[in-house]
Structure formats: structure tokens, C-alpha cells
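A short worksheet on the structure shown next.
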Amino acid sequence: MASTNRFDAIVIGSGVSGGFAAKELTEKGLRVLMLDRGVMVEHGEGYAYDGKPAFEVPARNMMPEPLIDSDYFIARHGYIAPSNQRFYNNDRLNPYAYDEGSKFYWIRPGAVGGKSLIWGRWTFRWSPQDFEANQRDGIDGDWPIRYDDVAPWYSYVEKYIGVSGSRENLPYLPDSEFQPPMPMNAAEKWLKQRLETEFPGRKLIHTRLSNITEDKPEQNRTKCQYRNQCSNGCSFGAYFSTQAVTLPAARATGRLTLQSDAVVTNLEYDAARKRVTGVRYVDANTGQAQVVNADMVFLCASAMGSVQIMMNSRDPATGRSHFDSSGTLGRYVMDHIFRVGASGEIPGMTDLIEYGRRPGGVYVPRFRNLRDGEDVGFKRGYGYQGSARREPAAPVGFGASMKQGMRAYGPWKFSMGAFGECLPYKDNRVTLDTAKVDRFGMPLMRFDVRFRENELKMMADARVQGEAMLKAAGLRNVTSSEGEHVPGDAIHEMGGARMGRDPRASVLNGWSQAHDATNLYVTDGAQMASVSCVNPSLTFMALTARATDHAVRALKQA
């Protein structure tokens with residue numbers, strides 16, 4: 001097994017966190033090795049179906065059922081299509097212990113760029129209330145930081161990546177450094193006025209997206225073209241991804257080495273010095289293992305991927321992880337709960353259609369438990385993501401009359417889905433099944449994570465309130481639905497290596513730095529002590545930028 005020592009820092013993972021870590025560290029003068037378990041996808045040339053209509057994509061962009069059953073069965077619940085299949089994990093080749101523990105959908109990327117290639121791009125700041133929530137509710141695991149610690153880093157990241165949205169001055173959903181928002185269509189404007197009149201204090205606002213509405217020529221990025229094909233990759237660079245933004249910046253320094261198909265199995269550790277000394281990875285193509293050394297490691301392999309690596313970095317004598325002196329590694333795993341929706345028809349405006357295909361929509365921010373003493377039967381809250389649209393008329397009859405009818409449009413429809421916050425529970429955990437290993441010798445992950453009474457009550461309320469709002473606003477044929485709630489389904493899994501003030505009750509400190517290794521930083525979703533009810537990727541990037549600043553300053557002072 002070869003060993004090299006050529007780098008100042010190693011970044012494991014290349015998603016929104018890993019890409020940002022590589023950019024920041026190289027721009028600060030460090031020689032960086034980035035390792036990613038996925039295949040290489042280059043910006044532009046790696047997007048095989050960018051701009052292609054469905055009839056130019058295999059199977060008209062519908063995943064064949066036999067292929068789903070054999071190779072992509074976790075992602076059968078949505079998201080994956082032939083046009084982006086290369087970006088996703090092959091569940092047959094890279095399994096987890098799905099049949100053990102509780103039901104969990106671990107939907108993973110399979111390419112360099114990670115989830116930055118497949119994310120929904122909804123981009124929100126967390127509020128001061130979100131960072132104070134655990135303490136306020138008397139729930140174990142107060143954040144060691146507050147909003148003011150992260151606010152300047154939010155601004156730094158937002159200005160760099162580009163976020164479109166509108167200033168609303170809502171204390172529970174802080175504004176970002178915005179480019180102009182993507183305009184609401186006529187039906188959404190109509191709904192906004194009526195909903196906000198019927199429900200004072202509730203808002204319907206523009207989506208906040210990492211799709212830019214103004215060019216960023218310094219990054220060779222062109223504003224969104226309103227194709228709504230983001231999931232296929234965007235050669236314009238109109239949405240933030242590692243490929244389009246942070247990877248070119250890191251490469252431009254001349255200090256980045258990128259290794260794809262590199263499956264990290266564990267971190268090498270010096271117990272006497274309490275430091276990580278290197279990273280062991282296996283070449284996915286040759287099966288050859290290698291250890292590479294560096295002065296520091298940024299672990300950004302996605303929340304559960306990072307936890308798996310940390311748990312598999314074990315003391316041979318005890319079998320216990322080097323990074324679990326607190327006994328909390330693998331615990332407090334969370335995800336957003338969703339699969340509740342409400343929809344209806346908007347009357348009138350049948351002389352109007354929407355120009356282009358906007359990749360966003362509108363947002364109804366959280367309105368529950370925002371005031372002291374409010375009691376709605378559950379803790380925390382939820383928001384709604386939705387949009388209005390007109391679809392071509394359904395085919396009726398045969399021949400010329402059917403063709404003529406399909407040139408028309410049906411009524412305006414509006415639909416929205418709720419995303420709610422999951423509380424941190426100690427026994428929501430992941431473990432390693434050391435008796436079952438993958439093709440690289442890595443023990444499989446077992447999930448024992450479930451939503452509890454609080455989350456289910458929250459979703460019941462979201463369904464009632466969603467239906468009530470649409471009916472009161474004047475929509476017709478309003479219906480609501482609630483599906484099965486499975487952790488992992490939202491692809492917002494967080495926790496497992498949470499940050500905290502007390503090393504006896506947390507894995508990381510307030511700088512995303514491991515209590516048990518001063519040169520290890522974990523800056524993806526694993527570090528989160530709670531999950532808010534809004535999308536988390538912007539917070540991951542802000543905490544990553546903050547952590548790299550701390551790490552480099554500490555390195556220079558050593």
C-alpha cells in the first residue's frame with residue numbers, strides 16, 4: 001500500500017461543502033488534494049443531455065422499471081432519470097444495509113460535484129431563532145454558535161454564488177445578498193394578494209434560488225435561460241454547482257489535485273497527538289488502496305458519508321472510533337419531513353400563459369411557533385414550496401379534433417408541498433454492520449431513524465392549513481394529500497457528528513472542528529445540531545467558509 005505526503009490539506013467530497021472548502025483553501029495558499037468517490041463529470045462536456053428534449057433522451061427520459069429494480073431502487077421515489085442517471089449512486093454496486101433497522105432512503109450522488117449537480121437550489125438563510133431553538137425548547141444540544149457568527153459568511157457566500165430573490169424584511173427568514181428575483185406569474189400574484197389578505201401575517205414570496213438572474217462574467221456564467229432542465233447539468237453555469245463555480249476557482253490557483261473514483265474508507269490517526277495523519281482510500285477502478293498524508297483534513301462527504309468514514313476510523317484495540325469520545329457519533333440524525341401537499345384550480349386568466357420554464361416558484365414561509373407562548377400542539381414549524389402553472393389540455397377523442405384540442409391549455413393550477421423540521425433525537429442513529437462490507441471492504445451503514453409524534457402532528461397541521469389557505473384564497477377543487485414519511489426522502493439528512501460546546505456531548509466544536517482531532521473539520525450536514533425547516537445547503541457553505549478561515553489562521557499560528 002503506497003503512501004505519499006504532498007499536500008497541506010485533503011478535502012473529502014466535492015459537493016457544495018467540499019467544493020467550497022477546496023476553493024477557499026487553495027485561494028489561501030494551501031496545496032489541496034480533493035478526493036471523491038464518484039466518476040468525473042467535467043463542466044459542460046460532462047452534461048450529455050443538457051438542452052435535449054425528451055425525444056432525444058433514452059426511453060423519453062423515463063427510467064425503465066427493470067433498471068430501477070436492479071440498480072437504482074433507492075432513487076425510485078423520484079429525482080432520477082436517464083438524463084441524469086450518471087450523477088446518481090448505483091445502489092447495486094454501492095449498497096447500504098437497507099433491509100436492517102428502520103426504513104431510510106439514502107439517496108446519494110455518484111459523480112464529482114456531489115449533490116451540487118442534483119440539488120433543488122432553494123437557497124435560504126437560517127434565522128436567529130433557528131440557532132436558538134434547541135436552547136429555547138429545552139432540547140439537548142444547544143448550538144455553540146448563533147446567527148451573528150454566521151451572518152457575515154452568509155453574505156460572503158451569497159455574493160460569490162449568486163442568489164436570486166426578493167427582500168422581505170422577515171425576522172424569521174433573513175434576507176440574503178440578492179440578485180433580482182424570478183418574477184411571479186400572473187396566477188401567483190393573484191394568489192399572493194388574496195392569501196395575505198385572508199391570513200394576516202402569512203406571506204407568499206419569491207423563491208430564493210441559486211439560479212442567477214444576472215450574468216457573472218468573472219465566473220464565465222450566464223444568467224438562467226428558463227429551460228428548467230437544471231437536473232441535467234447546466235452548461236451556462238446559471239445555477240451554482242461545484243463544476244461551474246468552485247472547482248474552476250480552485251483549479252485556477254494551480255494548487256488543486258482532484259482524484260475521482262477515490263473511495264475513502266477511513267482516516268489515519270495519531271492518538272498521542274490527537275491528530276489525523278492521513279486518509280486511506282481505494283481506487284474504485286483498480287481496487288488499489290493508498291494512504292495520503294496532509295496537515296489537515298476537511299471531511300465533506302455528505303452527512304451520512306462523513307459519519308460512515310468517521311465511524312470506520314477505529315482503534316484496533318477497542319474497535320471504537322477515534323472521534324467518538326463523547327459517545328454521540330452517529331446519533332441525532334435528522335431529515336426534513338414532507339410528502340404533504342395541497343392544490344387547486346385558480347379561476348380566470350385563461351387568456352394568459354407563462355413565458356419560459358422557470359426553475360423555481362413561490363414560498364410560504366413558516367408561520368407556526370414564531371411567538372413566545374404559542375401552543376399549536378407541536379414544536380418548531382414548516383413552510384410550503386409551490387408554483388402556479390398551466391398545462392396543455394389533455395388529449396380527448398381521436399384524429400384532427402384531438403390534435404386541435406391539445407393546442408389549447410387547461411386552467412391555472414397551483415400546488416404546494418410542506419417541508420417541516422425534525423427534532424434531534426438521541427436514538428435516531430446510524431451504526432456500522434461490520435459483518436457486512438461493500439466491495440471496498442467498507443462496513444455497510446445501518447439506519448435506525450424515524451419521525452416521531454411531533455413531526456407527524458406537524459404534517460397533519462400542514463395539511464389542514466394548506467387546504468384552508470387555498471380554499472380561503474378562492475381556489476376551486478381544492479384537495480390535499482399526505483404520503484408515507486420516510487427519513488432520507490427529502491435528501492436533507494443532517495446530524496450524526498453534531499457540533500456543541502461540551503466535548504462530552506458532541507463531536508465537533510463551534511468551528512466545525514473535531515474535539516478529538518484539532519486538524520479535522522467536518523463541514524457538511526453531519527455537523528448540524530438542528531435542521532430548521534428551510535433548505536440547508538447555504539448554511540453548509542457558510543459554515544465551510546467560516547471553518548476554512550479558522551483552519552488556515554490556526555495553521556499559520558502553529
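When only modelled atom types and interatomic distance are considered, Asp270 and Thr277 share no side-chain donor-acceptor pair under 3.5 Å. Between the side chains of Ser506 and Arg498, no donor-acceptor pair is found at a separation under 3.5 Å. For the residue pair Arg125 / Tyr147, a side-chain donor-acceptor distance below 3.5 Å is found, with atom types taken as modelled. A side-chain N or O of Arg37 and one of Asn89 form a donor-acceptor pair less than 3.5 Å apart. Residues Asn134 and Arg136 have side chains that never bring a donor and an acceptor to within less than 3.5 angstrom of each other. At a cut-off of 3.5 Å, with distance as the only test, no side-chain donor of Ser241 or Arg121 sits close to an acceptor on the other residue.
Looking at Arg331 and Asp324, no side-chain N of the basic residue comes within less than 4.0 Å of a carboxylate O on the acidic one, giving no salt bridge. By the 4.0 Å N-to-carboxylate-O rule, Arg504 lies close enough to Asp502 to be salt-bridged with it. For the pair Arg92 and Asp71, the salt-bridge criterion is met [side-chain N within less than 4.0 Å of a carboxylate O]. The residues Glu493 and Lys115 are annotated as salt-bridged, a charged nitrogen and a carboxylate oxygen being separated by less than 4.0 angstrom. Here Asp489 pairs with Arg339 in a salt bridge; the nearest charged N to carboxylate O distance falls below 4.0 Å. With respect to the salt-bridge test (charged N to carboxylate O, under 4.0 angstrom), the residues Asp427 and Arg452 qualify.
Listed here is the closest heavy atom pair of Trp126 and Asn535: NE1-O, 3.9 Å.
Between Phe20 and Phe540, the distance from one ring center to the other does not fall under 6.0 angstrom.
Within the structure, the side-chain hydrogen bond (donor to acceptor under 3.5 Å, both in side chains) test picks out the following pairs touching residues 246-259 (sequence neighbours left out): Glu42-Arg251.
Shown here are the ring-ring contact (aromatic ring centres under 6.0 Å, His included) partners of Tyr47, two or more places apart in sequence or in another chain: His43.
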The test is side chain to side chain donor-acceptor pair (under 3.5 Å); show your working for Asn61 and Ser83 and say whether it passes. CA-CA 6 Å; Asn61 212 25; Ser83 60; 3.1 Å; yes

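With contacts defined as side-chain heavy-atom distances shorter than 4.5 Å, the pair Gln308/Met311 does not qualify.
The aromatic rings of Phe298 and Tyr521 lie parallel to each other, their planes meeting at an angle below 30°, with 60° marking the opposite boundary.
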